[in-house]
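Quick notes on the structure that follows.
Computed from a prediction, not measured in an experiment: that's the story for all the values here. Just follow the structure's listing: the first ligand is 1, and inside any ligand the first atom is 1.
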Amino acid sequence: MRHFTSVYDLPDLNEALKTAFEVKKNPFAYQHLGKNRTMILIFFNSSLRTRLSTQKAAMNLGMNTMVLNVNQDGWQLESELGVVMDGDKPEHLREAIPVIGSYCDIIGVRAFAQFKSKEDDYQEKIINQFVEYSGVPVVSMEAATRHPLQSFADHFTIEEFKTKEKPKVVLTWAPHPKALPQAVPNSFVEWIRQADYELVVTHPEGYELAPEFMGDIKVEYDQKKAFSGADFIYAKNWASYSSYGQVLSRDRNWTVDEEKMALTNQAKFMHCLPVRRNMVVSDGVIDSPDSIVIQEAANREVSAQAVLKMILEELK
Ligand SMILES: NCCC[C@H](NC(=O)CCC(=O)O)C(=O)O
Ligand SMILES: NC(=O)OP(=O)(O)O
């Protein structure tokens, strides 16, 4: 594997899961792979988990790491081609990317959807420029339309906690005060569709995800019906795709609470974090023994390490 921007970059999903189980059991067994290699992590947006878990994963593999927070530490970077740069951005990605590439062996990039243009976001204009111009492997640390390191950790976590071969996994929209990207739910559906689970997606009208991510997965608009018999509840807010970037509802009847969890098969509660308590999920649910959000976040180190190991093994 050279770049990692979606589940489709993996040569084989089951092999990738096996690698994840291996690195979790034996995190320091592959330090020779990263010796004298450097990873640069570039953040256009905030992060807690991705920054720490990806850096830790790289260090477990013997790599050196550097972090650049573009908005605080670096020059503001222009991403549009053909513009007259007479505004507030002194440097273009077209120079910055190959320069960054010259200092490292792998680049991690976080660049969220900007909600200015659906086309620009869904064409992945920023991360694709890194793939095209950096000359080194690129790992998505959440791009405009996908968050594959998260989805990999989510799949791995379900594998660890499932108590039956084919669990019922429910992705539920939940309310939030702000407009959030579709990257996490897009990526979750696209990834989990590859696993042999029963996957159900539930959200209010107007929150349909882009068809290329949904494939043949059906929406159950009745959240309570969707929860019935579920083994995993995966909550996430996202802004509308069709009314692009709009918040159409903040209806707290969609908050995941104890009453709804009682309809499930004592489901495990999952969320990628950060999470807004008592908007997305009640205190009672996230603080219950069935909440596995901390274990899920801990597995971000595992998914990042599995991905970096696969990339390092192919670096010449
Ligand atoms: N990678 C984890 C989620 C990141 C981002 N959440 C956020 O921006 C939450 C911000 C807030 O709650 O104000 C998202 O939804 O894609
Ligand atoms: N889940 C996740 O990506 O968290 P951060 O935004 O804190 O990195």
Answer yes when E314 and R2 have at least one side-chain N-carboxylate O distance shorter than 4.0 Å, and no when they do not.
no

Contacting atoms of ligand 2, where contact means under 4.0 angstrom from a heavy atom of R300:
1 (N), 2 (C), 3 (O)

Centre-to-centre under 6.0 Å for H155 and F188, is that the case here?
no

Min over R110, H147, E142 of heavy-atom distance to atom 6 (O) of ligand 2 lands on R110

Any side-chain donor-acceptor pair under 3.5 Å between S6 and E190?
no

Thinking salt bridges, do K24 and E160 make one under a 4.0 Å N-O criterion?
yes

Please identify which atoms of ligand 2 are closer than 4.0 Å to at least one heavy atom of C272.
1 (N)

For the residue pair F112 and F44, is the inter-centroid distance of their aromatic rings smaller than 6.0 Å?
no

Shortest protein contact, atom 4 (O) of ligand 2 (heavy atom only):
R49 NE, 2.8 Å

So, for Y133 and H92, is the gap between ring centers shorter than 6.0 Å?
no

Do NZ/NE/NH1/NH2 and the carboxylate oxygens of K164 and D231 come within less than 4.0 Å?
yes

What are the atoms of ligand 2, with element, lying closer than 4.0 Å to any heavy atom of L273?
1 (N), 2 (C), 4 (O)

Could you go step by step and tell me if L312 and I106 meet the side chain to side chain contact (heavy atoms under 4.5 Å, CB included) rule?
CA-CA 9 Å; L312 285 169; I106 302 180; 4.0 Å; yes

Does any N/O atom on S46 come nearer than 3.5 Å to any N/O atom on ligand 2?
no

Whether K118 engages the ring of Y241 as a cation-pi pair (distance to the six-membered ring centre under 6.0 angstrom, angle to the ring normal within 45°) should be assessed.
yes

Minimum-distance protein heavy atom relative to atom 7 (O) of ligand 2
L48 N, 2.7 Å

Enumerate, one pair per line, all nitrogen or oxygen atoms of ligand 1 lying under 3.5 Å from a protein nitrogen or oxygen, stating the separation to 0.1 Å; write 'none' if no such pair exists.
| from | atom 1 | to | atom 2 | distance (Å) |
| --- | --- | --- | --- | --- |
| ligand 1 | 1 (N) | E142 | OE1 | 2.6 |
| ligand 1 | 1 (N) | H147 | NE2 | 3.4 |
| ligand 1 | 12 (O) | H176 | NE2 | 2.9 |
| ligand 1 | 12 (O) | R276 | NE | 2.9 |
| ligand 1 | 12 (O) | R276 | NH2 | 3.3 |
| ligand 1 | 13 (O) | K178 | NZ | 3.0 |
| ligand 1 | 13 (O) | R276 | NH2 | 2.5 |
| ligand 1 | 15 (O) | K236 | NZ | 2.7 |
| ligand 1 | 16 (O) | E142 | OE2 | 2.6 |

